S.K.: 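Before I ask anything, here is the structure I am working with.
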Amino acid sequence: MNSNTDLSRRRLLRLMGATPMLPLGAGGVAALMAGCGGGSDNDTPTKTAPVQAATLTSVTFGSMTVPTQADATMAKTSVGSTMTANFSDSSKIDFKLSYQPFFITGDMVPSGSGGTILAGGYYDINNKPIIDATVPGKERQFFSDSPDGTSLLTVPNANVAGVKGNTVFAVVQFEYTTWAQDGKTDMYGRLPSPIAVLTLDQDKVTGKLSLVKYHNVDTSSVNGLWITCGASLSPWGTHLSSEEYEPNAYLAATDAQFKAFSKNLYGDETIANPYNYGHLPEITVNPDGTASIKKHYCMGRISHELVQVMPDNRTVIMGDDATNSGYFAFVADKEKDLSSGTLYVAKVGAGFSLDPAGSPAPLTWIKLGSATSAEIRSLAASLKPTDIMDVKTTDPADATYTKVAANGRIEWLKIKPGMEKAAAFLETHRYASLVGASMGFTKMEGTTVNIKDKIAYSALQNCQSSMVAGNSLNVPGNGISIPKQLVAGAVMALNLKGGQKDTAGNAINSEWMPADTKALLVGEDLAAADALGNTANPNKIANPDNLKFSEKMRTLFIGEDSSQHVTSMLWAYNVDTKQLSRILAVPAGGESTGLHAVDDVNGWTYIMSNFQHAGDWGSIHAGVKGMLDPLIKANYKDKFGAAVGYLTGDMVQMKLATA
């Protein structure tokens with residue numbers, strides 16, 4: 001190297017100390033040091049100016065190419081991108097990114113007690129394995145093909161046998177399994193969702209994470225878990241889970257899905273109470289790699305997808321993954337305690353659009369009620385749906401009923417006397433529609449926050465049906481009305497402010513409430529599929545789902561659950577430069593899940609990423625299915641397995657600009 005490109009070991013170490021450092025692949029550090037001349041920490045450059053302090057100015061991602069024809073890389077997680085750390089003196093460090101799984105579900109992994117345990121395995125209320133007996137003679141424990149929300153965290157005084165470096169934990173939840181092993185029996189929502197704590201050994205030199213212990217969390221105290229989807233890490237270090245698509249309490253007694261769920265969980269189709277599901281579970285990891293769990297019943301019984309706690313440790317912005325969904329917020333009474341507080345839902349003002357160049361539409365907030373988790377859990381145990389409100393699916397021709405669009409259908413509602421609180425917290429979608437909230441969004445998925453700019457981001461996987469003017473589910477005057485559908489969806493930006501009042505004129509005790517909403521990024525539906533089969537522009541997002549923001553990298557990460565891209569992508573969007581880059585592709589037919597951007601764990605940066613249901617074919621896959629299906633079956637346990645892991649990297653280039 002000449003004098004303008006050489007980086008001494010000391011120089012490099014100083015840059016590394018100011019840089020988001022991805023865990024390095026094998027040999028990455030050694031190769032880097034060799035390239036810098038090796039030697040001791042006291043080595044100094046012989047042909048360069050004295051080392052000056054340099055600060056990190058930005059992180060950029062080089063985009064991987066989009067597939068144009070079917071090939072073997074589409075049958076696995078593929079990464080063809082780079083991450084570049086840029087410094088104030090024009091120097092930079094490049095990282096070539098790659099994917100490192102901890103396991104494929106269905107693997108036998110260390111239990112921490114000298115034995116092994118099935119990764120993603122299902123358990124009943126007594127923590128006994130649930131057995132798939134659909135193929136006689138091949139009975140086996142059910143395991144998930146759909147890992148989802150993941151949190152990476154540390155715990156003070158952690159002590160787990162087998163860890164040689166730093167002890168790091170990951171909490172991973174498993175949303176569902178698609179099929180029984182006969183390939184015919186639909187298992188979606190019919191099994192209680194497992195959740196696990198992974199004890200990880202963090203190499204102190206490279207940052208690499210190795211699985212040491214897998215612990216299945218006992219969820220019996222919270223009546224098991226229902227369809228756990230996205231997740232986030234609270235500011236106080238707990239894993240905030242989700243229960244998506246709350247079961248319809250009025251239909252549960254005859255609903256085949258819910259009856260099967262109850263049978264698999266309790267051994268009896270009639271025991272599970274639908275009002276125990278659709279809440280927000282919180283998992284606290286113990287120093288020994290076990291965990292405790294509780295559910296917060298006071299945060300609304302909605303289609304919890306992914307919540308985000310604001311820096312005040314009290315305000316929670318919530319995704320609501322449903323048709324006729326809304327913006328919900330919860331303000332806790334005490335910091336770091338979600339067991340009591342006030343629930344709000346938004347009204348959208350004039351001007352809502354999907355035009356990123358448009359003006360924001362204002363938001364105002366309706367107070368739905370204040371409660372403790374304990375009192376709502378007590379109501380859930382003591383009330384039947386018909387105790388709370390009458391629900392009709394045909395017009396009763398009675399003026400005491402109110403027509404609403406709720407949960408993707410038209411209903412007529414009447415609350416029973418004195419049941420407003422029960423309705424607000426146990427029939428939240430219906431009650432919010434009844435009191436005039438803007439319940440017109442479709443599939444509002446992940447939510448995250450940019451603390452520096454005081455902006456929240458939320459994903460609309462699709463913008464259709466209830467969002468479209470003239471649709472039977474669209475409510476005129478609710479503020480959410482677009483002229484035509486955008487199936488590819490959008491990411492919205494919401495400015496966060498204090499000093500707001502609810503619609504009754506009462507002060508909202510938060511400095512972090514959304515004040516407006518506008519489109520940040522939108523997909524683009526294609527008039528006709530391209531040569532590969534994409535029905536949305538492959539150079540733009542399509543069907544955004546998981547969202548996470550990195551403060552240090554100033555980057556919004558976006559994971560797709562796409563029915564329009566042949567391969568769902570993980571994107572990186574720099575909010576300052578506006579650069580949008582593809583950084584990872586999951587196997588075709590799969591969904592990008594488990595996204596978690598962690599700025600600093602013992603000096604290392606991690607981007608967690610999983611996938612779900614590889615090879616779940618739709619019409620867009622007609623041209624690739626024949627080639628890819630046997631490859632995906634070979635890679636992922638006949639399509640019953642899925643990966644849980646993270647992005648890693650190798651330092652491949654160091655450059656110092658000419659002085």
Side-chain angles (χ1 to χ4, degrees), residues 105-106 117-148 173-196 216-229 241-281 293-295 297 301 303-304 322 377 380-387 407 426-427 612-613 616 639-642:
T105 58
I117 186 172
L118 182 68
Y122 285 88
Y123 298 87
D124 65 17
I125 199 70
N126 298 310
N127 290 304
K128 301 297 184 184
I130 301 174
I131 302 301
D132 180 349
T134 58
V135 179
K138 294 186 178 180
E139 292 80 4
R140 70 183 187 191
Q141 184 180 0
F142 276 108
F143 60 89
S144 176
D145 67 340
S146 296
D148 207 302
Q173 58 198 44
F174 301 90
E175 186 176 4
Y176 58 89
T177 194
T178 307
W179 301 103
Q181 62 174 325
D182 64 0
K184 301 176 183 178
T185 305
D186 181 5
M187 296 305 300
Y188 179 81
R190 287 164 165 79
L191 294 165
S193 295
I195 193 161
N216 183 69
V217 178
D218 179 0
T219 64
S220 60
S221 64
V222 295
N223 307 293
L225 300 176
W226 167 267
I227 312 179
T228 54
C229 196
S241 181
S242 58
E243 291 186 308
E244 186 182 61
Y245 307 127
E246 77 281 12
N248 189 331
Y250 288 81
L251 302 176
T254 58
D255 180 71
Q257 180 193 51
F258 192 72
K259 288 165 66 178
F261 171 83
S262 182
K263 175 72 172 178
N264 285 311
L265 177 59
Y266 289 105
D268 187 319
E269 290 184 345
T270 66
I271 292 180
N273 175 359
Y275 283 143
N276 284 329
Y277 309 100
H279 303 288
L280 189 116
I293 186 171
K294 54 189 171 184
K295 278 186 191 178
Y297 282 64
R301 187 171 166 269
S303 187
H304 287 289
R377 186 171 188 175
S382 61
L383 295 175
K384 299 187 298 293
T386 51
D387 294 331
N407 301 305
L426 294 177
E427 290 291 344
Q612 292 185 353
H613 54 71
D616 186 11
K639 298 202 297 189
F640 289 102

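For this chain, numbers begin at 1 and follow the sequence in order. Keep in mind the model is a prediction, meaning the values are calculated, not measured.
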S.K.: Is the shortest side-chain heavy-atom distance between Asn216 and Asn127 below 4.5 Å?
M.R.: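 Of all side-chain heavy-atom pairs linking Asn127 with Asn216, at least one is under 4.5 Å.
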S.K.: So, the side chain of Ser144 versus the backbone of Ser146: is there a donor-acceptor pair under 3.5 Å, distance only?
M.R.: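 Checking the backbone N and O of Ser146 against the side chain of Ser144, a donor-acceptor pair under 3.5 Å is found.
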S.K.: Give, for atom CG of Asp268 and atom CD1 of Ile125, the distance between the pair rounded to the nearest 0.5 Å.
M.R.: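 Interatomic distance, Asp268 CG to Ile125 CD1, rounded to 0.5 Å: 12.5 Å.
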S.K.: Hey, does Tyr123 have a side-chain heavy atom less than 4.5 Å from the side chain of Pro192?
M.R.: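 Not touching, per the 4.5 Å side-chain cut-off.
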S.K.: Tell me, please, which residues at least two apart from Tyr176 pass ring-ring contact (aromatic ring centres under 6.0 Å, His included).
M.R.: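 Testing Tyr176 for ring-ring contact (aromatic ring centres under 6.0 Å, His included), a comparison that skips the adjacent residues, returns Tyr188.
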S.K.: Whether the side chain of Arg301 engages the backbone of Pro247 through a donor-acceptor N/O pair (distance < 3.5 Å, no angle test) should be reported.
M.R.: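 Yes.
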S.K.: Looking only at heavy atoms, which two atoms of Phe258 and Ala252 are closest? And how far apart?
M.R.: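 Of all heavy-atom pairs spanning Phe258 and Ala252, the closest is CD2-CB, 3.6 Å.
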S.K.: Between Tyr122 and Gln141, which heavy-atom pair has the shortest distance, and what is it?
M.R.: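 Result for this residue pair: O-NE2, 3.0 Å.
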S.K.: Within the side chain of Asn126, is there an N or O that forms a donor-acceptor pair under 3.5 Å with the backbone of Lys128?
M.R.: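 No: the side chain of Asn126 does not pair with the backbone of Lys128.
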S.K.: Which distance, rounded to the nearest 0.5 Å, do you find between the CD of Gln257 and the CD1 of Ile227?
M.R.: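 So the CD of Gln257 and the CD1 of Ile227 are separated by 5.0 Å.
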S.K.: Report the distance from atom CG of Leu265 to atom CD1 of Ile130, rounding to the nearest 0.5 Å.
M.R.: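 Taking CG in Leu265 and CD1 in Ile130, the distance rounds to 7.0 Å.
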S.K.: For the pair Thr105 (side chain) and Ala642 (backbone), establish whether a donor and an acceptor sit closer than 3.5 Å, ignoring hydrogens and angles.
M.R.: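 Here the side-chain-to-backbone pair exists.
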S.K.: State the CD1-NZ distance between Ile271 and Lys263, to the nearest 0.5 angstrom.
M.R.: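 Ile271 atom CD1 to Lys263 atom NZ measures 9.5 Å (nearest 0.5 Å).
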S.K.: Considering the options Thr177, Asp145, Asp148, Thr178, which one meets the side-chain hydrogen bond (donor to acceptor under 3.5 Å, both in side chains) requirement together with Gln612?
M.R.: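 Only match with Gln612 under side-chain hydrogen bond (donor to acceptor under 3.5 Å, both in side chains): Asp148.
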S.K.: Under 6.0 Å from the six-membered ring centre of Phe640 and within 45° of its axis: does the NZ or CZ of Arg140 meet both?
M.R.: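 The answer is yes; both the distance and angle limits are met.
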S.K.: Atom CG in Asn273, atom NZ in Lys384: separation rounded to 0.5 Å?
M.R.: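 Spacing of CG (Asn273) from NZ (Lys384) equals 11.5 Å.
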S.K.: Could you point out which residue of Leu225, Ile195, Val217 forms a side chain to side chain contact (heavy atoms under 4.5 Å, CB included) with Gln173?
M.R.: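 Of all the options given, the one that passes is Ile195.
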S.K.: Closest heavy-atom contact between Ser193 and Trp226?
M.R.: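 Taking Ser193 first and Trp226 second, the nearest heavy atoms are OG-C, 4.0 Å.
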S.K.: Look at the side chain of Asn264 and the backbone N and O of Arg190, then say whether any donor-acceptor pair between them is shorter than 3.5 Å.
M.R.: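 Yes: the side chain of Asn264 pairs with the backbone of Arg190.
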S.K.: Considering all heavy atoms of both residues, which atom of Glu175 and which atom of Cys229 are nearest to each other, and what is their separation?
M.R.: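 Between these two residues, the closest heavy atoms are OE2-SG, 3.5 Å.
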S.K.: Between the side chains of Lys295 and Glu243, is the shortest nitrogen-to-carboxylate-oxygen separation below 4.0 Å, so that they form an ion pair?
M.R.: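 Judged by the 4.0 Å cut-off on N to carboxylate O distance, Glu243 and Lys295 do form a salt bridge.
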S.K.: Taking Gly137's backbone N and O only, do any of them form a donor-acceptor pair with Glu139's side chain (distance below 3.5 Å, no angle check)?
M.R.: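 Checked: pair present.
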S.K.: Where the side chain of Asp616 meets the backbone of His613, is there a donor-acceptor pair that is under 3.5 Å apart?
M.R.: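 Between the backbone of His613 and the side chain of Asp616 there is no qualifying donor-acceptor contact (under 3.5 Å).
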S.K.: Could you tell me which non-hydrogen atom of Val135 sits nearest to which non-hydrogen atom of Gln181, and how far apart they are?
M.R.: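 Answer, listing the atom of Val135 first, then Gln181: CG2-CG, 3.6 Å.
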S.K.: Kindly determine whether His304 and Glu246 satisfy side chain to side chain contact (heavy atoms under 4.5 Å, CB included), including the steps that lead there.
M.R.: CA-CA 8 Å; His304 287 289; Glu246 77 281 12; over 6 Å; no
S.K.: Looking at side-chain heavy atoms only, is the closest gap between Ile131 and Phe142 below 4.5 Å?
M.R.: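 Of all side-chain heavy-atom pairs linking Phe142 with Ile131, none is under 4.5 Å.
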S.K.: Taking the side chain from Asp218 and the backbone from Ser221, do they hold a donor-acceptor pair closer than 3.5 Å?
M.R.: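 Answer holds: no.
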S.K.: Is there a donor in the side chain of Tyr277 and an acceptor in the side chain of Asn223, or the other way round, less than 3.5 Å apart?
M.R.: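 No.
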S.K.: Step by step, would you call Phe174 with Thr228 a side chain to side chain contact (heavy atoms under 4.5 Å, CB included)?
M.R.: CA-CA 6 Å; Phe174 301 90; Thr228 54; 5.6 Å; no
S.K.: So how far is it from Ser241 OG to His279 NE2, rounded to the nearest 0.5 Å?
M.R.: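 NE2 of His279 is found 13.0 Å from OG of Ser241.
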S.K.: Step by step, work out the side chain to side chain donor-acceptor pair (under 3.5 Å) result for Asn276 and Tyr297.
M.R.: CA-CA 8 Å; Asn276 284 329; Tyr297 282 64; 2.9 Å; yes
S.K.: Taking the side chain as C-beta and beyond, is there a heavy-atom pair between Phe143 and Pro194 under 4.5 Å?
M.R.: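 Phe143 vs Pro194: side chains apart.
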S.K.: Counting only heavy atoms not in Lys259 (residues, nucleotides, ligands), do more than 12 fall under 6.0 Å from its NZ?
M.R.: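 More than 12 heavy atoms, drawn from other residues, nucleotides or ligands, come within 6.0 Å of this atom.
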